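If you're wondering where the values come from, they're calculated on a predicted model, not measured in any experiment. All chains are named by letter (A, B, ...) in the order of the sequence lines, taking the proteins before the strands, and each is independently numbered beginning at 1. Values below: every heavy atom of this structure, side chains too, minus hydrogens, waters and symmetry copies.
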2 protein chains.
Amino acid sequence: MNFIFLDRPRPLSLTCIMGNRRKHSTACPRKVSEKKEQLKAFLKQKGFKSTRQRDIIVTEFLKTGEHITAEDLYRKINRKNREIGFTTVYRTLKLLTKSGFATERLFADNLTRYEPLSAEEHHDHLICLSCGSIMEFENLKMERLQEKIAEEFGFCIITHKMEFYGYCRECRDNAPA
Amino acid sequence: MNFIFLDRPRPLSLTCIMGNRRKHSTACPRKVSEKKEQLKAFLKQKGFKSTRQRDIIVTEFLKTGEHITAEDLYRKINRKNREIGFTTVYRTLKLLTKSGFATERLFADNLTRYEPLSAEEHHDHLICLSCGSIMEFENLKMERLQEKIAEEFGFCIITHKMEFYGYCRECRDNAPA
DNA sequence: TCCTAATTGAAAATGAATTTCATTTTCCTT
DNA sequence: AAGGAAAATGAAATTCATTTTCAATTAGGA
């Protein structure tokens with residue numbers, strides 16, 4: 001790996017703007033508890049158990065918002081809850097992913113990041129090579145074009161990944177020649 | 001990782017078709033030796049050395065065409081040249097990447113693949129979750145749209161990654177419901 | 001309360017990528 | 001042609017994120 005931003009401390013700043021409209025980055029408290037209810041129902045239905053750890057992890061994860069690694073989420077939680085282990089954080093994120101509450105993304109820095117999934121929305125990413133910030137966007141034209149291309153190939157898209165690596169407005173001037 | 005195709009033997013079939021025009025998949029012998037000359041010149045200029053191993057690895061790499069992992073290339077070479085080690089294959093691919101003769105791509109299966117780089121072309125990928133085949137495409141409209149989106153954000157794109165995961169024409173019928 | 005299956009978490013395992021280091025090779029200089 | 005310095009090689013070791021193991025603990029239905 002030789003992306004520039006890998007050699008710097010990884011900031012977690014996350015701007016969330018859509019192609020045309022703006023989008024909420026951090027879920028509001030109402031939504032958080034709503035999601036937690038959904039998850040609880042899901043667990044019960046599957047015969048899984050609700051535990052204190054899961055509750056804490058899920059809460060923190062939903063609060064955090066987006067694009068967090070298992071490691072970072074663990075560290076965040078560990079500050080206040082020394083007894084929750086990395087493995088449990090990791091497994092909870094996997095559980096959330098499998099049950100449709102989160103998605104897993106492998107970025108070019110070879111770190112897997114998780115983000116809460118809000119059903120309908122699928123977005124793409126702009127990743128700044130200087131400050132490491134990850135911005136999201138969603139563009140209808142893009143989605144349509146993708147469908148069209150796939151059709152041309154007789155290809156049936158299940159999911160896609162689209163990432164731009166470059167320099168954000170704030171960092172453009174620092175960009176190497 | 002839980003992509004379906006990871007649990008199957010990874011075939012190396014590579015179809016190479018562009019948005020509108022078709023593209024050569026395996027480089028023709030003329031081009032291979034031309035590239036090898038370029039590389040030799042590059043090495044000399046940098047004070048690096050030309051070695052038997054590098055020659056063999058580069059030849060095999062260029063012949064192979066695209067999207068190969070260091071591991072797979074090593075195995076391919078190792079059949080005929082038992083004395084060439086994995087490390088050297090790995091390092092040569094890195095060298096090719098650094099000197100602009102190849103690119104490195106991390107796909108969603110968490111394996112780094114290398115492919116020869118022919119200057120101008122930048123293409124995107126369609127990856128079949130069933131048979132594992134990787135198809136390439138290039139679409140001008142897409143490139144333009146990307147630029148437009150980036151501009152909206154004041155973002156300066158250095159590189160991008162775009163991958164569709166789904167089922168190819170041949171595998172559509174096997175796709176899970 | 002009891003019991004069983006699920007969960008937890010520390011530690012170990014995995015696996016790809018990368019580095020180390022002693023040895024060998026290239027190729028420039030004499 | 002030698003000689004020598006710098007680069008290259010390759011086996012083995014290391015790294016680092018991710019995943020699994022396993023013994024101990026906990027949840028929650030009977």
Side-chain angles (χ1 to χ4, degrees), chain A residues 1-3 6-7 10 39-58 60 67-75 77-78 81-99 102-114, chain B residues 1-3 6-7 10 39-58 60 67-75 77-78 81-99 102-114:
Chain A
M1 283 303 103
N2 41 16
F3 281 92
L6 296 183
D7 300 318
R10 228 163 348 98
L39 179 65
K40 220 166 197 171
F42 172 84
L43 292 177
K44 190 157 191 174
Q45 193 241 314
K46 289 281 183 184
F48 296 142
K49 289 167 183 174
S50 298
T51 64
R52 198 180 56 81
Q53 289 96 325
R54 276 183 184 164
D55 191 70
I56 291 168
I57 295 165
V58 170
E60 201 60 41
H67 306 108
I68 198 163
T69 61
E71 182 65 33
D72 284 343
L73 184 57
Y74 165 68
R75 269 205 281 268
I77 289 166
N78 189 251
N81 302 77
R82 315 309 298 272
E83 79 288 4
I84 292 180
F86 169 78
T87 312
T88 305
V89 173
Y90 165 78
R91 275 192 287 227
T92 302
L93 287 173
K94 280 291 189 192
L95 177 68
L96 288 171
T97 301
K98 272 192 236 158
S99 46
T103 43
E104 224 178 35
R105 274 172 201 284
L106 179 62
F107 286 102
D109 61 357
N110 198 18
L111 252 45
T112 303
R113 274 164 244 251
Y114 296 83
Chain B
M1 283 303 105
N2 41 17
F3 281 93
L6 296 183
D7 300 318
R10 232 168 342 101
L39 180 65
K40 222 168 197 170
F42 172 84
L43 292 177
K44 191 156 191 174
Q45 194 242 313
K46 289 280 183 185
F48 296 144
K49 290 167 184 173
S50 297
T51 64
R52 197 179 58 82
Q53 289 96 326
R54 276 183 183 163
D55 191 71
I56 290 168
I57 295 166
V58 169
E60 201 60 41
H67 308 106
I68 199 163
T69 60
E71 182 65 32
D72 283 343
L73 184 57
Y74 163 69
R75 270 205 281 269
I77 289 167
N78 188 252
N81 302 76
R82 313 310 297 272
E83 78 288 3
I84 292 180
F86 169 79
T87 312
T88 306
V89 173
Y90 165 77
R91 276 193 284 226
T92 302
L93 287 172
K94 279 290 189 195
L95 177 68
L96 288 171
T97 301
K98 273 192 233 156
S99 46
T103 43
E104 224 178 35
R105 273 171 201 284
L106 179 61
F107 285 104
D109 61 357
N110 198 19
L111 251 44
T112 304
R113 273 165 245 250
Y114 296 83

Undergrad: Starting at atom CZ of A:F86, determine the distance to atom P of C:dA13, rounded to an integer number of angstrom.
TA: 18 Å
Undergrad: Which sits closer to the 5' end of DNA chain C, B:Y90 or B:K44, going by the nucleotide each is nearest to?
TA: B:Y90
Undergrad: Between P on D:dG29 and CD on A:Q45, what's the gap in Å once rounded to a whole number?
TA: 14 Å
Undergrad: Quickly work out the B:F107 CZ to C:dA16 P distance and round it to whole Å.
TA: 17 Å
Undergrad: Would you classify A:E83 as touching base, sugar-phosphate or nothing, given that sugar-phosphate means primed atoms plus P, OP1 and OP2, and contacts are heavy atoms under 4.0 Å?
TA: sugar-phosphate
Undergrad: Counting only side-chain nitrogens and oxygens, does B:T88 get under 4.0 Å of the OP1 or OP2 atom of D:dG10?
TA: yes
Undergrad: Which whole-number value in Å describes the distance from B:D55 CG to C:dT26 C1'?
TA: 14 Å
Undergrad: Could you check whether the rings of B:F42 and B:F48 sit parallel, tilted or perpendicular, using 30° and 60° as the cut-offs?
TA: tilted
Undergrad: Indicate whether OP1 or OP2 belonging to D:dA6 is found under 4.0 Å from a side-chain N or O atom of B:K49.
TA: no
Undergrad: Reckon A:R91 touches a base, only the sugar-phosphate, or nothing at all at heavy-atom distances under 4.0 Å?
TA: base
Undergrad: Please answer whether the main-chain N or O of B:L111 pairs with a side-chain N or O of B:D109 as donor and acceptor at a distance below 3.5 Å.
TA: yes
Undergrad: Any Lys/Arg nitrogen of A:E83 or A:R52 sitting under 4.0 Å from an Asp/Glu carboxylate oxygen of the other?
TA: yes
Undergrad: With DNA chain D as reference, determine whether A:E71 or B:T87 sits nearer its 5' end, using the nearest nucleotide of each.
TA: B:T87
Undergrad: For the residue pair B:V89 and B:A70, what are the closest heavy atoms and their distance?
TA: CG1-O, 3.8 Å
Undergrad: Rounding to a whole Å, what distance do you find between A:N81:CG and C:dG9:C1'?
TA: 14 Å
Undergrad: Closer than 4.0 Å, any side-chain N/O of A:T51 to the OP1 or OP2 of C:dT7?
TA: no
Undergrad: What residue among A:T69, A:L93, A:L106 forms side chain to side chain contact (heavy atoms under 4.5 Å, CB included) with A:R113?
TA: A:T69
Undergrad: Could you tell me whether the phosphate oxygens of D:dT9, OP1 or OP2, come under 4.0 Å of any side-chain nitrogen or oxygen in B:R54?
TA: yes
Undergrad: I need the CD1-P distance between A:I68 and D:dA17, as an integer number of Å.
TA: 15 Å
Undergrad: What's the CG-C1' distance between B:L43 and C:dC27, to the nearest Å?
TA: 13 Å
Undergrad: Output the single nucleotide from D:dG28, D:dA7, D:dT9 whose closest atom is nearest the side chain of B:Q53.
TA: D:dT9
Undergrad: Mind calculating the distance between CZ (B:R82) and C1' (D:dT9) to the nearest angstrom?
TA: 18 Å
